[in-house]
Protein chains: 2
Amino acid sequence: MKDNNHMPGHLARRFQQIAVAVFLAEVADAGFDLTPVQYAALATIKANPGLDQVTLAGLIAYDRTTITGVIDRLVQKGLAERRPSSRDRRARELEITDEGRRTLRKITPAVESAQRIMLRGLTAKEGEELMRLLRKAIAAGNELSRAPLRDVEV
Amino acid sequence: MKDNNHMPGHLARRFQQIAVAVFLAEVADAGFDLTPVQYAALATIKANPGLDQVTLAGLIAYDRTTITGVIDRLVQKGLAERRPSSRDRRARELEITDEGRRTLRKITPAVESAQRIMLRGLTAKEGEELMRLLRKAIAAGNELSRAPLRDVEV
DNA sequence: GGATATTGCTCAGTATGCTGACTATCAGTA
DNA sequence: TACTGATAGTCAGCATACTGAGCAATATCC
């Protein structure tokens, strides 16, 4: 068997593990209780008011069955609202609340700090290169997961 | 807010998501039902017969509370055994079974294939560079997660 | 030797993520 | 319009991961 350090899958798991831990720690230090997934969902709702859950899922590459619970928790925290759509009675329209907007604003420095910390072992140039290579690998593998990224075609 | 494509945390999640999907698909194609985590645990048990759960967790950077369930499932599938240690009655010694050894041997091509597929968008040189950068970032962030990698000091 | 701290493991609870199934609704078409 | 297929969302079930608590056993220190 190859060394774990030469298995991209193992390295992916470790890096993700650290990224989540850093995010939660920074956000907790700032006095908030929001997971990376909840943050991404909330930021995307703010940027695309009134979008439905499937579109949201496509924009951040979540599985549609995962979204349900994430939104549940955002709603329960009073950060987002879920309304029946008038155009399509199957769909729900998502909106950010004032409280959600305030939270996003206050939490941004912690989120940015977390992104820096998870790259702290790399030079700025290396960090850019890591992100470029991840983007390239992800683009090639996008369709291989159940929840591929879906750009909105308007 | 920054674009998701410039957030290392988001890229980490996406890459990990694809890596797991590819691993499961390749292993299923080969006729097996083993998760990445179960595979890593089993391979590590084989390489370190008789090790206890905490040591195993340290070698592959799992949380100790996660290990319990993983071993449960390996034992239930008949791939590993959990025995009380004679030296320390709190600890359990882990051993791979013949069935586990057979499974590992047969599954190896699928695992290697998965590692190639998750890097298929990159050149060989880029793949190496991605792994180098991930290793470097992980080394710097190792202590930031609850389950840091612990090399065995013999 | 005995109090104290530490360690190995487990468990309860919570949050992703997935598979697969189901309901309600919508869209296209014969 | 009735049929068919696709779509939006939810749910049950399973497998990571984590926090925090607890139990039993071991190590340490006085």
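Every chain is numbered from 1 and lettered A, B, ... according to where its sequence line falls, protein lines coming before strand lines.
One interatomic measurement links the two molecules: CG of A:Leu56 to C1' of C:dT16, which rounds to 15 Å at whole-angstrom precision. Spacing between atom OH of A:Tyr62 and atom P of D:dG9 amounts to 16 Å, rounded to whole angstrom units. Atom CZ of B:Arg83 is separated from atom P of C:dC9 by 14 Å (rounded to the nearest Å).
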(message) One pair to check against salt bridge (charged side-chain N to carboxylate O under 4.0 Å, His left out): B:Arg132 and B:Glu129. What are the steps and the verdict?
(response) CA-CA 5 Å; B:Arg132 183 185 76 82; B:Glu129 179 66 0; 3.1 Å; yes

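A:Met118 and B:Met7 fall into different hydrophobic clusters, defined by Ile, Leu, Val, Met, Phe, Trp and Tyr side-chain heavy atoms under 4.5 Å apart, directly or through other members. B:Tyr62 and B:Leu79 fall within a single hydrophobic cluster, where Ile, Leu, Val, Met, Phe, Trp and Tyr are joined by side-chain heavy atoms under 4.5 Å apart, directly or via other members.
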(message) Strictly under 4.0 angstrom, non-hydrogen atoms only: write out the protein contact profile of nucleotides 2-8 of chain D, one letter per nucleotide from the 5' end, B, S or -.
(response) ----BBS

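Of the inter-residue distances, the one linking A:His6 atom NE2 with B:Arg135 atom CZ reads 5.5 Å to the nearest 0.5 angstrom.
Listed by residue number, the members of residues 11-38 of chain A with any heavy atom below 4.0 angstrom from DNA chain D are A:Arg13, A:Gln17. Within a heavy-atom distance below 4.0 Å of DNA chain C, the residues of residues 70-77 of chain A found are A:Val70, A:Arg73.
B:Leu34 has its side chain within reach of B:Leu74: a pair of non-hydrogen atoms, C-beta onward, lies under 4.5 Å apart. Proximity of A:Ser145 to B:Val22: side-chain heavy atoms (C-beta onward) are nowhere separated by under 4.5 Å.
Residues passing the side-chain contact (heavy atoms from CB on, under 4.5 Å) test with B:Arg82 are B:Gln53, B:Thr68, B:Ile71, B:Asp72, B:Val75, B:Arg92, B:Leu94, sequence neighbours excluded. Contacts of A:Ala91 classified as side-chain contact (heavy atoms from CB on, under 4.5 Å), with partners at least two apart in sequence or in another chain: A:Asp52, A:Ser85, A:Asp88. Residues satisfying the side-chain contact (heavy atoms from CB on, under 4.5 Å) test with A:Lys46, not counting sequence neighbours, are A:Ile96, A:Arg101, A:Leu104.
Between the side chains of B:Gln17 and B:Arg14, at least one donor-acceptor pair of N or O atoms lies under 3.5 Å.
Comparing B:Ala61 and A:Ile67 against DNA chain D, the residue whose closest nucleotide sits nearer the 5' end is A:Ile67. The 5' end of DNA chain C is approached more closely, in terms of each residue's nearest nucleotide, by B:Thr68 than by the other of B:Thr68 and A:Arg87. In terms of position on DNA chain C, the residue among A:Asp63 and A:Arg89 whose nearest nucleotide sits closer to the 5' end is A:Asp63.
Base contact: A:Thr65 has a heavy atom under 4.0 Å from a base atom.
Of the possible polar contacts, one joining the A:Thr103 side chain to the A:Glu99 backbone as a donor-acceptor pair under 3.5 Å is found.
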